Number of protein chains: 2
Amino acid sequence: MPKPDADPTVQLELSVDRSSPVPLYFQLAQQLEAAIEHGTLTPGSLLGNEIELASRLGLSRPTVRQAIQSLVDKGLLVRRRGVGTQVVHSQVKRPLELSSLYDDLELAGQRPATKVLVNKMVPASAEVAAALGVPEDSEVHRIERLRLAHGEPMAYLCNFLPPGLLDLETAQLEATGLYRLMRAAGITLHSARQTIGARAATPAEAERLTEEAGAPLLTMQRVTYDDTGRAVEYGTHTYRPSRYSFEFQLLVRG
Amino acid sequence: MPKPDADPTVQLELSVDRSSPVPLYFQLAQQLEAAIEHGTLTPGSLLGNEIELASRLGLSRPTVRQAIQSLVDKGLLVRRRGVGTQVVHSQVKRPLELSSLYDDLELAGQRPATKVLVNKMVPASAEVAAALGVPEDSEVHRIERLRLAHGEPMAYLCNFLPPGLLDLETAQLEATGLYRLMRAAGITLHSARQTIGARAATPAEAERLTEEAGAPLLTMQRVTYDDTGRAVEYGTHTYRPSRYSFEFQLLVRG
DNA sequence: TCAATCCGTATGTCCGGACAATGTGACTTC
DNA sequence: GAAGTCACATTGTCCGGACATACGGATTGA
């Protein structure tokens with residue numbers, strides 16, 4: 001029986017531009033990722049050893065390793081000592097990131113719309129103060145929004161933001177998502193702690209989402225942090241489970 | 001007005017053991033993490049420049065950088081070019097990992113218990129085959145369990161596993177969690193894709209969880225992958241929202 | 001035929017140095 | 001006094017090498 005020589009070492013054309021301001025390791029990582037995405041590097045195929053790869057590209061081994069490591073961190077490659085580096089044979093391509101409901105909907109082709117119900121400054125309650133790490137009763141932004149898709153209510157969003165971070169104009173909030181506004185204001189979102197649960201809708205909640213009282217609702221609370229660890233947003237959301245569910249990817253920390 | 005000299009550079013006692021098999025960068029990273037956890041390194045405090053730190057420890061700068069980088073990846077430190085490296089001033093300490101319900105409960109001091117309802121081999125349905133990446137109608141493990149805490153039903157867990165990965169004995173399944181069994185079998189869990197939603201309980205589901213028909217249920221579907229990208233588990237779970245909610249941390253990929 | 005051993009290979013760790021890019025603060029200039 | 005300029009500090013990128021460690025297959029032996 002002929003052995004189906006699986007996992008062959010792939011020879012592909014790589015090159016780097018030393019005059020570019022883009023770091024060399026990043027150029028290499030991008031090309032490798034593109035090759036994986038494009039299918040040139042098939043799952044299970046070996047990448048060829050680092051030393052040889054480095055000399056072929058005119059790079060040093062640390063630089064090549066840095067490129068490979070970044071893809072390993074992304075979950076695209078696996079290193080095996082004594083074996084080599086190979087492409088993960090995963091069905092899942094891109095791990096989901098910290099997502100914005102607005103972006104998710106837009107990407108899915110559902111024409112999202114936002115109706116701003118409240119947009120004002122209020123004193124922080126104990127709960128909000130604890131979440132945002134600000135003094136109790138200090139002023140914070142309070143935003144209440146109804147998110148619609150195809151004209152149908154999909155979620156009720158209540159958010160709190162620390163003062164001074166951002167100008168929040170109702171018109172902008174109706175035109176795009178909160179995260180996009182924050183990024184545009186130069187805030188680098190880094191991580192978020194979320195709690196997802198479910199409960200029966202109260203009459204008021206049911207009314208807002210055009211559900212019936214007692215209908216199941218999906219609830220989410222989230223505190224978002226920027227790259228310095230500051231809390232930049234606290235939100236309490238309720239979703240209609242028939243219209244929305246959370247989908248994401250968790251990674252195990254090595 | 002006296003300037004409150006914030007963000008001082010901290011001098012702390014670090015040392016590495018060169019005879020240890022533990023990598024030097026890892027030793028340093030552990031000590032730094034412990035100092036942050038312990039409060040010796042307070043949020044906002046500067047770490048001191050890498051060169052000086054390296055010479056003080058008798059290490060090279062790349063080694064020190066590797067240690068620091070691992071903590072930056074964990075979200076404990078922030079690097080700023082021209083400024084230095086400082087401790088993130090975050091309330092959140094440990095980002096949650098891919099979690100096991102059993103471990104979560106045990107950690108919370110709720111005496112978890114498991115009742116195995118089904119444990120057999122079955123042909124894979126189209127849905128299961130797609131999730132696990134195995135041929136349709138090929139044999140897979142099917143496990144149905146009821147998870148209890150303090151004797152009260154908390155969740156109904158239905159899982160499918162590809163064949164040959166693991167011996168699944170009912171006694172073991174009742175004594176511990178599935179993830180722990182998989183790890184013990186040498187499987188390195190890497191990532192999981194989850195979908196969380198909510199719906200009203202059907203009469204059969206209500207019966208299993210001692211809820212009433214129509215009560216809100218939290219639902220979760222998950223495919224777990226090992227470090228080579230193989231799907232190693234597919235599960236469909238339903239939780240009583242009064243007893244359980246999902247809490248986790250999402251990271252933005254740089 | 002099967003098991004233990006050896007060895008090549010590839011990644012893992014570590015070093016010491018070099019120059020570039022950037023943010024901060026002090027200085028100078030208007 | 002305010003704005004622009006410059007030097008300094010610190011991280012970012014990159015190099016070329018060295019040895020350790022672990023995996024797999026081939027060789028050897030029972």
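Lettering of chains follows the sequences in order, A, B, ..., and the numbering in each one begins at 1. As the structure is a prediction and not an experimental result, all values here were calculated from the model. These values consider heavy atoms only, across backbone and side chains, with no hydrogens, waters or symmetry-generated copies.
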side-chain N/O Thr63(A) vs dT13(D) OP1/OP2, d < 4.0 Å:
no
So, Glu33(B) and Lys74(B), do they make that salt bridge, N to O below 4.0 Å?
yes
Qualifying side-chain hydrogen bond (donor to acceptor under 3.5 Å, both in side chains) pairs with a residue from residues 63-73 of chain A, counting only residues at least two apart or across chains
Glu50(A)-Arg65(A), Ser60(A)-Thr63(A), Gln69(A)-Asp73(A), Gln69(A)-Arg79(A)
Roughly, in whole Å, what's the span from CG in Asp227(B) to P in dC23(D)?
12 Å
Show the distances under 3.5 angstrom between N or O atoms of the protein and N or O atoms of nucleotides 10-13 of chain C.
| residue | atom | partner | partner atom | Å |
| --- | --- | --- | --- | --- |
| dA10(C) | OP2 | Asn49(A) | ND2 | 3.2 |
| dT11(C) | OP1 | Thr85(A) | OG1 | 3.2 |
| dT11(C) | OP2 | Glu50(A) | N | 2.8 |
| dG12(C) | OP2 | Arg65(A) | NH1 | 2.9 |
| dG12(C) | OP2 | Arg65(A) | NH2 | 3.0 |
| dG12(C) | OP2 | Arg79(A) | NE | 2.9 |
| dG12(C) | O4' | Arg81(A) | NH2 | 3.1 |
| dG12(C) | N7 | Arg61(A) | NH2 | 3.3 |
| dG12(C) | O6 | Arg61(A) | NH2 | 3.1 |
| dT13(C) | OP1 | Tyr25(B) | OH | 3.1 |
| dT13(C) | O4 | Arg61(A) | NH2 | 2.9 |

Is there a side chain to side chain donor-acceptor pair (under 3.5 Å) between Glu127(A) and Tyr234(A) once you walk through the steps?
CA-CA 10 Å; Glu127(A) 173 196 356; Tyr234(A) 170 60; 2.5 Å; yes
Taking atom C1' of dC14(C) as reference, at what distance in whole Å does atom CG of Leu57(B) sit?
14 Å
Take atom CD of Glu52(B) and atom C1' of dT11(D), then tell me their distance rounded to the nearest Å.
15 Å
Applying side chain to side chain donor-acceptor pair (under 3.5 Å), name anything that partners Asp226(A), two or more places apart in sequence or on another chain.
Thr228(A), Arg230(A)
Are Arg142(A) and Asn119(A) linked by a side-chain donor-acceptor pair shorter than 3.5 Å?
no
Measure from the ring center of Phe248(A) to the ring center of Phe248(B) and say whether it is less than 6.0 Å.
yes
